[in-house]
Asks: 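Mind having a look at this structure? Questions to follow.
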Amino acid sequence: MARRHHAGGYELTKPVYFIGFMGAGKTSVSQYLAKTLGLASIDADEYLELLEDRIIADIFAEEGEESFRDLETQYLEELSRRSPRFIGCGGGVVKRPKNITIMKTHGYAVYLGVTAEEASHRIPNTDSRPLFKDIETARRTVAERIPLYEAAADVYVETTGYSVPEIADQVEAILLENGILVKED
Ligand code: S3P
């Protein structure tokens, strides 16, 4: 049973990055934790879209993936220097070794695990995700990225079969245990 908290009384000692494949629940879990703990969260892709004033699908279509990855690194670095918050990262953030270094230097990375099948059920409109394409491609991408997610992660949390509150509870316990989330006196 998921526990509920009243907002307030907690702080993060460093940024917490959520990494994992599209549909792993990075944004939902990050927002849920922020709300229940009274802390800040941000979706790295939304931040990028806001500051670039363009949607990711258009950046991919107009300039290609490499340009998007450059922007992703730039904004990840920027967000990492701000006061600690929950950061929902794009699924491909681990493709650049520099991003892994940024996360290791500044914060704590939670790898939310999901299968390609489960992700395809969770994502209602894959048109907005230029790299999702079809289930076969998704399966291949997940397989390719597993070693990268593992290299970047401080901890792994399985999400298949669990609700957002259940996953959030598990993450919260891990963060408390590791001193990443602390209760204010
Ligand atoms: C990508 C995942 C997307 C977004 C972009 C590329 C990827 O983020 O950054 O479409 O390479 O897996 P979500 O994981 O939030 O969908």
Side-chain angles (χ1 to χ4, degrees), residues 15-35 40-80 85-103 107-160 162 164 167-168 171:
V16 174
Y17 308 96
F18 288 94
I19 59 170
F21 196 61
M22 288 171 262
K26 298 169 298 223
T27 306
S28 310
V29 172
S30 154
Q31 283 177 352
Y32 184 94
L33 279 168
K35 200 171 156 207
S41 75
I42 191 149
D43 184 78
D45 284 344
E46 266 179 36
Y47 182 73
L48 182 154
E49 287 183 333
L50 179 75
L51 291 173
E52 289 297 307
D53 210 10
R54 280 185 298 172
I55 60 166
I56 288 170
D58 286 349
I59 301 174
F60 266 78
E62 287 158 17
E63 289 168 36
E65 181 174 351
E66 285 312 301
S67 295
F68 167 73
R69 297 291 170 207
D70 289 340
L71 294 169
E72 187 172 48
T73 300
Q74 179 191 322
Y75 292 118
L76 180 71
E77 205 150 33
E78 214 172 284
L79 283 175
S80 301
R85 68 196 69 211
F86 295 109
I87 303 173
C89 297
V93 73
V94 292
K95 286 181 85 174
R96 287 258 172 109
K98 178 156 186 208
N99 297 344
I100 299 184
T101 306
I102 293 171
M103 293 190 278
Y108 189 84
V110 178
Y111 168 21
L112 299 181
V114 69
T115 60
E117 283 72 18
E118 174 72 15
S120 72
H121 295 135
R122 290 183 191 170
I123 298 176
N125 168 20
T126 52
D127 289 351
S128 66
R129 262 102 160 184
L131 292 186
F132 195 92
K133 295 197 182 102
D134 53 74
I135 190 73
E136 270 311 312
T137 316
R139 261 194 215 117
R140 250 200 329 272
T141 312
V142 168
E144 272 166 26
R145 285 189 184 167
I146 286 173
L148 302 175
Y149 290 133
E150 286 176 348
D154 288 291
V155 72
Y156 174 81
V157 174
E158 179 55 53
T159 73
T160 304
Y162 296 101
V164 169
I167 301 161
V171 173

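Atoms within a ligand are numbered from 1 in the order they appear, just like the ligands themselves.
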Asks: I'd like to know if the side chain of Lys26 reaches the main chain of Gly20, judged simply by a donor and an acceptor atom lying under 3.5 Å from each other, with no hydrogens or angles considered.
Replies: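 Answer holds: yes.
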Asks: Please evaluate residues Thr73 and Asp70 with respect to the criterion side chain to side chain donor-acceptor pair (under 3.5 Å), reporting the C-alpha separation (whole Å), side-chain torsions for both, the decisive distance (0.1 Å), and the verdict.
Replies: CA-CA 5 Å; Thr73 300; Asp70 289 340; 5.9 Å; no
Asks: Evaluate Gly92 for polar contact with ligand 1, using N/O atom pairs at a separation under 3.5 Å.
Replies: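 Gly92 vs ligand 1: N/O contact under 3.5 Å present.
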Asks: What do we get for Lys26 next to ligand 1 when only non-hydrogen atoms under 4.0 Å count, side chain, backbone, both or neither?
Replies: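 Near ligand 1, Lys26 shows its side chain, while the N, CA, C and O stay back.
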Asks: Taking distance alone, with no angle check, do Asp45 and ligand 1 share an N/O pair under 3.5 Å?
Replies: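 By distance alone, the answer is yes.
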Asks: Output the list of atoms in ligand 1 that are nearer than 4.0 Å to some heavy atom of Phe68, sorted by atom number.
Replies: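 Contacts of ligand 1 toward Phe68, numbered from 1: 9 (O).
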Asks: Please identify which atoms of ligand 1 are closer than 4.0 Å to at least one heavy atom of Arg145.
Replies: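 Those of ligand 1 that fall under 4.0 Å from Arg145 are 7 (C), 11 (O), 12 (O).
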Asks: Does the residue Arg69 have a heavy-atom contact with ligand 1, meaning some pair of atoms that are separated by less than 4.0 Å?
Replies: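 Checking ligand 1 against Arg69, which is what was asked, there is a heavy-atom contact under 4.0 Å.
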Asks: What pairs with Ala152 under side chain to side chain contact (heavy atoms under 4.5 Å, CB included), at least two apart in sequence or on another chain?
Replies: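 Ala152 satisfies side chain to side chain contact (heavy atoms under 4.5 Å, CB included) with Ile19, Val94, Ile100, Met103 once adjacent residues are dropped.
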Asks: Over 60° means perpendicular and under 30° means parallel, so tell me whether Tyr111 and Tyr156 are parallel, tilted or perpendicular.
Replies: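 Geometry flag for Tyr156 against Tyr111: perpendicular rings.
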Asks: Sort out for me which residue in Glu66, Glu65, Glu72 forms a salt bridge (charged side-chain N to carboxylate O under 4.0 Å, His left out) with Lys95.
Replies: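 One option only clears the test, and that one is Glu65.
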Asks: Evaluate Gly90 for polar contact with ligand 1, using N/O atom pairs at a separation under 3.5 Å.
Replies: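 Not met; the criterion fails.
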Asks: Return the OG1 to CZ distance between Thr115 and Arg122, rounded to the nearest 0.5 Å.
Replies: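 It comes to 7.5 Å.
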